[in-house]
Novice: 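One structure follows; several queries about it will come next.
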Amino acid sequence: MMEGPVDLSPEGATWEGIADRIGELAPDLLVTNEMPFGPWLAASPSYDPALAAESVRLHEAGLEALAALKLPAIVSSRPVPAGARLANEAFALQGGRYTPLHHKQYFPEEPGFFEATWFRCAMDGFEVFEVGGVRVGVQLCTELMFNERARRYGRDGAELIVAPRASGASTSRWLTAGAMAALVSGCYVVSSNRAGRTAQGQVFGGMAFAFQPDGEPLAQSTDAESIVAIEVDPARSRAQQALYPCYVRE
């Protein structure tokens, strides 16, 4: 999991430093923040086709940069064309193979996060996929606030929920959401976030975090370490799903 700096380019010194640190940690599965490359489109209250096209292009270049890390598996998200708008598509890269996992379906619409203006869902469902040897479900940012989706992932056999984010300065509510998602699903929950202040003054809160399947904290990023590696044991998730509150019938 990681904190991705604002306006990150998939080339240049900043990216190279991130890539070097990831190479040192050599994770089996990397979870990036939501749409990690370039400006945050939803800061604008008006949809701009030219800016949308540029973000699509930049994230296509980002796919090459991510693939060049040569990790066993990566989960990230990117904007893809979806009619007159974009879709925010979570995907996995495994051995150079691209797999769409999920389209974001719950969109805020407020200053700094006019996502309902910019995005639509073009792929229904909250499905479980095997990624890096682990059964994974995706909740993109705001979706982590919806416990029923996390609980369903647990019922559907997920062992890990990944939640790429681009969330604001407040972090306490996201820690609460991550803990609850783990508690109701019996899954590990791992979330990466965009971090820093843009030239226009918008602040992203960073704070990548991980929770154990019982809802207890596992790890967080810090000012000294923005990229953090953790151990995930799928057997522990499966065992937790037989315990309270996961077993309780609805």
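For the numbers below, each heavy atom of this structure counts, side chains included, while hydrogens, waters and symmetry mates do not. Just so it is clear, the structure is predicted and the values come from calculations on it, not from any experiment.
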Novice: Main chain of Met123, side chain of His103: is a donor-acceptor contact present, judged purely on distance under 3.5 Å?
Specialist: yes

Novice: Among residues at least two apart in sequence or on other chains, which ones pass side-chain contact (heavy atoms from CB on, under 4.5 Å) with Pro5?
Specialist: Leu8, Thr14, Ile18

Novice: Given 3.5 Å as the limit, does a donor-acceptor pair link the side chain of Ser185 with the main chain of Arg151, or not?
Specialist: no

Novice: Walk me through it: do Phe119 and Met35 pass the test side chain to side chain contact (heavy atoms under 4.5 Å, CB included)?
Specialist: CA-CA 12 Å; Phe119 298 98; Met35 296 191 297; 3.4 Å; yes

Novice: Tell me, please, which residues at least two apart from Ser46 pass side-chain contact (heavy atoms from CB on, under 4.5 Å).
Specialist: Ser44

Novice: Roughly how far apart are Ile230 CD1 and Gln220 CD, rounded to 0.5 Å?
Specialist: 12.0 Å

Novice: Hey, could you give me each pair passing side-chain hydrogen bond (donor to acceptor under 3.5 Å, both in side chains) that has a residue in residues 169-182? Not counting sequence neighbours.
Specialist: none

Novice: So Met2 and Thr32, side chain to side chain contact (heavy atoms under 4.5 Å, CB included) or not? Walk me through it.
Specialist: CA-CA 6 Å; Met2 61 181 286; Thr32 80; 4.2 Å; yes

Novice: Report the residues that fulfil side-chain contact (heavy atoms from CB on, under 4.5 Å) with Ala199, sequence neighbours left out, ordered by chain and then residue number.
Specialist: none

Novice: Residues two or more places apart in sequence or in another chain: which of them pass side-chain contact (heavy atoms from CB on, under 4.5 Å) with Ala53?
Specialist: none

Novice: Is Tyr98 atom OH crowded by more than 12 heavy atoms from other residues, nucleotides or ligands, each under 6.0 Å away?
Specialist: yes

Novice: Side chain to side chain contact (heavy atoms under 4.5 Å, CB included) for Asn88 and Leu140? Distances and angles first, verdict last.
Specialist: CA-CA 9 Å; Asn88 184 350; Leu140 285 171; 3.9 Å; yes

Novice: Partners of Glu60 by side-chain hydrogen bond (donor to acceptor under 3.5 Å, both in side chains), sequence neighbours excluded?
Specialist: none

Novice: In residues 201-212, what donor-acceptor pairs under 3.5 Å come from side-chain atoms, sequence neighbours left out?
Specialist:
residue : atom : partner : partner atom : Å
Gln202  : NE2  : Gly112  : O            : 3.0
Gln212  : OE1  : Arg236  : NH1          : 2.7
Gln212  : OE1  : Arg236  : NH2          : 3.0
Gln212  : NE2  : Pro217  : O            : 3.3

Novice: Could you tell me which residues satisfy side-chain hydrogen bond (donor to acceptor under 3.5 Å, both in side chains) with Arg155, sequence neighbours excluded, listed by chain and number?
Specialist: none

Novice: Any side-chain hydrogen bond (donor to acceptor under 3.5 Å, both in side chains) pairs touching residues 131-148, not counting sequence neighbours?
Specialist: His102-Glu143

Novice: Counting only heavy atoms not in Asp20 (residues, nucleotides, ligands), do more than 12 fall under 6.0 Å from its CG?
Specialist: yes

Novice: Enter the distance from Ser77:OG to Leu101:CG here, rounded to the nearest 0.5 Å.
Specialist: 10.5 Å

Novice: Do any N or O atoms from the side chain of Asn193 and from the backbone of Ser167 form a donor-acceptor pair under 3.5 angstrom?
Specialist: yes

Novice: Return the OH to SG distance between Tyr153 and Cys187, rounded to the nearest 0.5 Å.
Specialist: 10.0 Å

Novice: Rounded to the nearest 0.5 Å, what's the gap from CG on Leu30 to CD1 on Ile227? Could you check?
Specialist: 8.0 Å

Novice: Would you mind listing the cluster partners of Leu183? Hydrophobic ones only (ILVMFWY), side-chain contacts under 4.5 Å, chaining allowed.
Specialist: Met180, Val184

Novice: Take Val136 and Val128 through the test side chain to side chain contact (heavy atoms under 4.5 Å, CB included) and record every step on the way to the result.
Specialist: CA-CA 5 Å; Val136 173; Val128 177; 6.0 Å; no

Novice: If the test is ring-ring contact (aromatic ring centres under 6.0 Å, His included), which one of Phe113, Trp40, Phe107, Tyr47 qualifies with Trp118?
Specialist: Tyr47

Novice: Who pairs with Glu159 by salt bridge (Lys or Arg N to Asp or Glu O under 4.0 Å), at least two apart in sequence or on another chain?
Specialist: Arg238

Novice: Of Ile22, Val228, Leu69, which is the lone residue that meets side-chain contact (heavy atoms from CB on, under 4.5 Å) with Pro27?
Specialist: Ile22

Novice: Show me the pairs that pass salt bridge (Lys or Arg N to Asp or Glu O under 4.0 Å) and involve residues 98-115, at least two apart or across chains.
Specialist: Glu34-Lys104, Lys104-Glu115

Novice: Of all heavy-atom pairs between Leu58 and Phe37, which one has the smallest distance, and what is that distance?
Specialist: CD2-C, 3.8 Å

Novice: Do Arg152 and Phe126 meet the cation-pi criteria used here (NZ or CZ under 6.0 Å from the six-membered ring centre, within 45° of the axis)?
Specialist: no

Novice: Nearest 0.5 Å, please: how far is CD1 in Ile74 from CG in Leu63?
Specialist: 9.5 Å

Novice: Decide if atom CD of Glu24 counts as having more than 12 heavy atoms of other residues, nucleotides or ligands within a radius under 6.0 Å.
Specialist: yes

